[in-house]
Amino acid sequence: MLIRVPRGWEISDARATDEAAYLNRRRFVRTLGLAGVAAGAAGLWTPAAEEPAKPPAAPAAPSPDAASPLYPARRNPLYTVDAPLTDEKAAASSNIFDEFTSARDGVAEAAKNFRTSPWTIHIGGSVAKAITLDVEELVRRVGLEERVYRHRCVEAWSMVVPWTGFPLKKLVDLAEPAPGAKYLRMLSFQRPEEAPGWYASKRVFPYYEALSLAEATHELAFLSTGIFGHALPPQHGAPLRLTVPWKYGLKSIKSIVAFQFTPERPGTFWNDLSPAKYSFDCNVRPDIPLPWPQAEETVLDTGKTRKTEPYNGYEKFVAHLYA
Ligand SMILES: Nc1nc2c(c(=O)[nH]1)N[C@H]1C(S)=C(S)[C@@H](COP(=O)(O)O)O[C@H]1N2
Ligand SMILES: [Mo]
C-alpha cells in the first residue's frame, strides 16, 4: 500500500508552487494511478526534477529483452530528491571499491568479471534461527521498489541516484533478532582472487560495517540490488549493497555476504583504521572537518559545488536517533 501521510522529504520548498512542477506532478501521479493520493497530498510533494524526461515505471512488467523481470521496479514517490538525477554514466565510472582498485575511474573495468550470481547470504548471530539463502530468494521474499536518494562521500563528492531494493527492516524482520540484539554487522565478499586491488591495498580486507538496530530499522535504511532501473553493475556493489543516505558513503558497504546481529557494538572498517577521523556513526556533518572541510560537496557529473546539508538533507527524519 502507498503511504497516505506525506513525509518531509517529499515536501518541497518554494518550487512546489511552480506551475510546470504542478502539471508534471499530476502527470506523474496519473502514471502511477495514484489520483487519490494526489488529492490528499496536492502541493506537498514535487517529483524529482528528471520526471519529464523519464516518467516513473509502472509496476514491473516482464519485457522480452530485459535481463530480469524485476527491473525496473515501481518508484516509491515518497522518496525523492528536489535535485536532478546524476548522469548514470558518471555514477558508474567513478566509484570507490578498494578491493578492486583505488583508482576511482578504474573500478568498473577492474570489477567487470566479478561473479555476482549465485550469491549466498548468511543471516545469523543473535537471532532465533540463522538463515542461509541466495540473494535471489531473498528478493523473492521481500520484493523490490525504487527510491531516489542523495549520496555523499566523505571525499566531498555527491550524487543523486535511483536505487532499486528494499528496506533493510524487511531483512531484520525476517531474521527475528533476539531481544539482546542491539547492532547489525555486515560483511563484504571475500574472494581476493577476483579482486585485483585486494593485496595491492594497504588496507586489510574484507570490508565490514555496522549499524545500530535503531538505524537498521529506520525506514530510510535500504538494501540496494539495482540502480537506474536495472540490476547493480559490479562497481556499485552487486548483487547487494547497503544504502544509508544520511551517512557518509563509506557506511554503504558493497557486495554483502553476511548479516550478523550482535549485543555489543561491532567494529567498522574505517573507524578501526582511523578512529580520529571516522566515527562509528559517520553521519554527514558539514560542521565537522575530517579534517578536510565537509561544508561543501562537488556534484559528480556537473562538477558544480553545493552546500552539504546536515545528515545529507535527512536531518528531520534521523536526528532523533542521535539525541
Ligand atoms: N566493500 C566496499 N564497500 C564500499 C567501499 C569499498 O571500498 N569497499 N567504498 C565505500 C565508499 S567510501 C563509498 S563513497 C561508496 C561508493 O559507492 P559507489 O561507487 O556505488 O558510488 O561505497 C562504499 N562501500
Ligand atoms: Mo566514500
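Numbering starts at 1 and runs along the sequence shown. Below, each value reflects all heavy atoms present in this structure, side chains not excepted, and no hydrogens, waters or symmetry copies.
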Point to revise | side chain to side chain contact (heavy atoms under 4.5 Å, CB included) between I256 and L223, intermediate numbers included | key: CA-CA 10 Å; I256 304 169; L223 281 171; 3.9 Å; yes

Exercise for review: Output, in order, the C-alpha distance, side-chain angles, deciding distance and verdict of side chain to side chain contact (heavy atoms under 4.5 Å, CB included) for L171 and L138.
Suggested key: CA-CA 8 Å; L171 181 139; L138 177 63; 4.0 Å; yes

Practice item. Tell me, with the steps shown, if Q190 and V257 meet side chain to side chain contact (heavy atoms under 4.5 Å, CB included). Key: CA-CA 8 Å; Q190 186 164 198; V257 297; over 6 Å; no

Review point. Does the pair W163 and R241 meet the rule for a side chain to side chain contact (heavy atoms under 4.5 Å, CB included), with working shown?
Key: CA-CA 10 Å; W163 300 102; R241 64 91 57 81; 3.2 Å; yes

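In terms of heavy-atom proximity, A221 sits nearest to A216 at CB-O, 3.8 Å. Scanning both residues, P266 and A210, for their nearest heavy atoms gives CG-CB, 3.6 Å. Minimum interatomic distance between I131 and L174 (heavy atoms only, all atoms of both residues): CD1-O, 3.8 Å. Nearest heavy-atom pair, F166 versus G143, reported as atom, atom and distance to 0.1 Å: CB-O, 3.5 Å. Considering all non-hydrogen atoms of both residues, T217 and K169 come closest at O-CD, 3.6 Å. Closest non-hydrogen pair, L300 versus W157, comes out as CD1-CE3, 3.9 Å.
In the hydrophobic clustering of this structure, M186 does not group with V204; members are Ile, Leu, Val, Met, Phe, Trp, Tyr whose side-chain heavy atoms approach within less than 4.5 Å, directly or through other members. The hydrophobic cluster containing Y199 also contains F269, counting ILVMFWY residues as joined when their side-chain heavy atoms lie under 4.5 angstrom apart, directly or transitively. Hydrophobic clustering keeps V299 apart from Y149 (ILVMFWY residues linked when any side-chain heavy atoms are closer than 4.5 Å, directly or through intermediates).
Between L242 and L168 the shortest side-chain heavy-atom distance falls below 4.5 Å. Counting heavy atoms from C-beta outward, S212 and K182 have side chains that stay 4.5 Å or more apart. Taking 4.5 Å as the limit, some side-chain heavy atom of P263 sits within range of a side-chain heavy atom of S126. Using a 4.5 Å cut-off on side-chain heavy atoms (C-beta onward), I288 and Q294 make no contact. Using a 4.5 Å heavy-atom threshold, the side chains of F261 and L213 count as touching. V161 places none of its side-chain heavy atoms less than 4.5 Å from the side chain of H151. Side-chain contact between E136 and P239: absent, with no pair of heavy atoms (C-beta onward) separated by less than 4.5 Å. Side-chain contact between D287 and P310 is absent, with no heavy-atom pair separated by less than 4.5 Å.
No side-chain donor-acceptor contact under 3.5 Å links K129 to the backbone of A175. Looking at S252, its side chain does come within 3.5 Å of a backbone N or O of V244 through a donor-acceptor pair. Side chain of S255 to main chain of A238: a donor-acceptor pair is present (N/O by atom type, distance under 3.5 Å, no hydrogens or angles). Between the R104 side chain and the S102 main chain, a donor and an acceptor come within less than 3.5 Å of each other. Between the side chain of S93 and the main chain of K89, a donor-acceptor pair closer than 3.5 Å is present. Between the side chain of D134 and the backbone N or O of P118 there is no donor-acceptor pair closer than 3.5 Å. At least one donor-acceptor pair under 3.5 Å links the side chain of D301 to the backbone N or O of D87. E194 places a side-chain N or O within 3.5 Å of a backbone atom of R115 that can act as its donor or acceptor partner. Not one N or O on the side chain of K112 forms a donor-acceptor pair closer than 3.5 Å with the backbone of Q235. When atom types are taken as modelled, the side chain of T132 and the backbone of H122 share no donor-acceptor pair closer than 3.5 angstrom.
Within a 6.0 Å sphere centred on CD of E296, other residues, nucleotides and ligands contribute more than 12 heavy atoms. For K170, the NZ atom counts as densely surrounded, since its 6.0 Å shell holds more than 12 non-hydrogen atoms of other residues, nucleotides or ligands.
Between W198 and F114, the ring center distance fails the sub-6.0 Å criterion. Here F205 and F189 keep their ring centres 6.0 angstrom or further from each other. Aromatic rings from Y208 and Y183 are positioned such that their centres are separated by 6.0 Å or more. Between Y79 and F222, the ring centre distance reaches or exceeds 6.0 Å.
Within the model, atoms OG of S224 and CG of L144 stand 10.0 Å from one another, a figure rounded to the nearest 0.5 Å. Rounded to the nearest 0.5 angstrom, E219 CD and F317 CZ are separated by 8.5 Å. Between atom OG1 of residue T262 and atom CG of residue L184 there is a gap of 8.0 Å, rounded to the nearest 0.5 Å. Interatomic distance, E315 CD to N283 CG, rounded to the nearest 0.5 Å: 10.5 Å. Put simply, CZ on R152 and CG on N312 are 7.5 Å apart, with the number rounded to the nearest 0.5 Å. One finds the CD1 atom of I96 at 8.5 Å from the CG atom of L250 (value rounded to the nearest 0.5 Å).
With respect to the salt-bridge test (charged N to carboxylate O, under 4.0 angstrom), the residues E297 and R306 qualify. Between K254 and E99 there is no salt bridge, since no side-chain nitrogen of the basic residue lies less than 4.0 Å from a carboxylate oxygen of the acidic one.
Counting only N and O atoms by type, the side chains of Y207 and W270 include a donor and acceptor under 3.5 Å apart.
A cation-pi contact, defined as under 6.0 Å to the ring centre and within 45° of the axis, links R265 to F280.
Tested against V284, the residues Y311, Y248, W246 include a single side-chain contact (heavy atoms from CB on, under 4.5 Å) partner, Y248.
Residues passing the side chain to side chain donor-acceptor pair (under 3.5 Å) test with Y278, sequence neighbours excluded: none.
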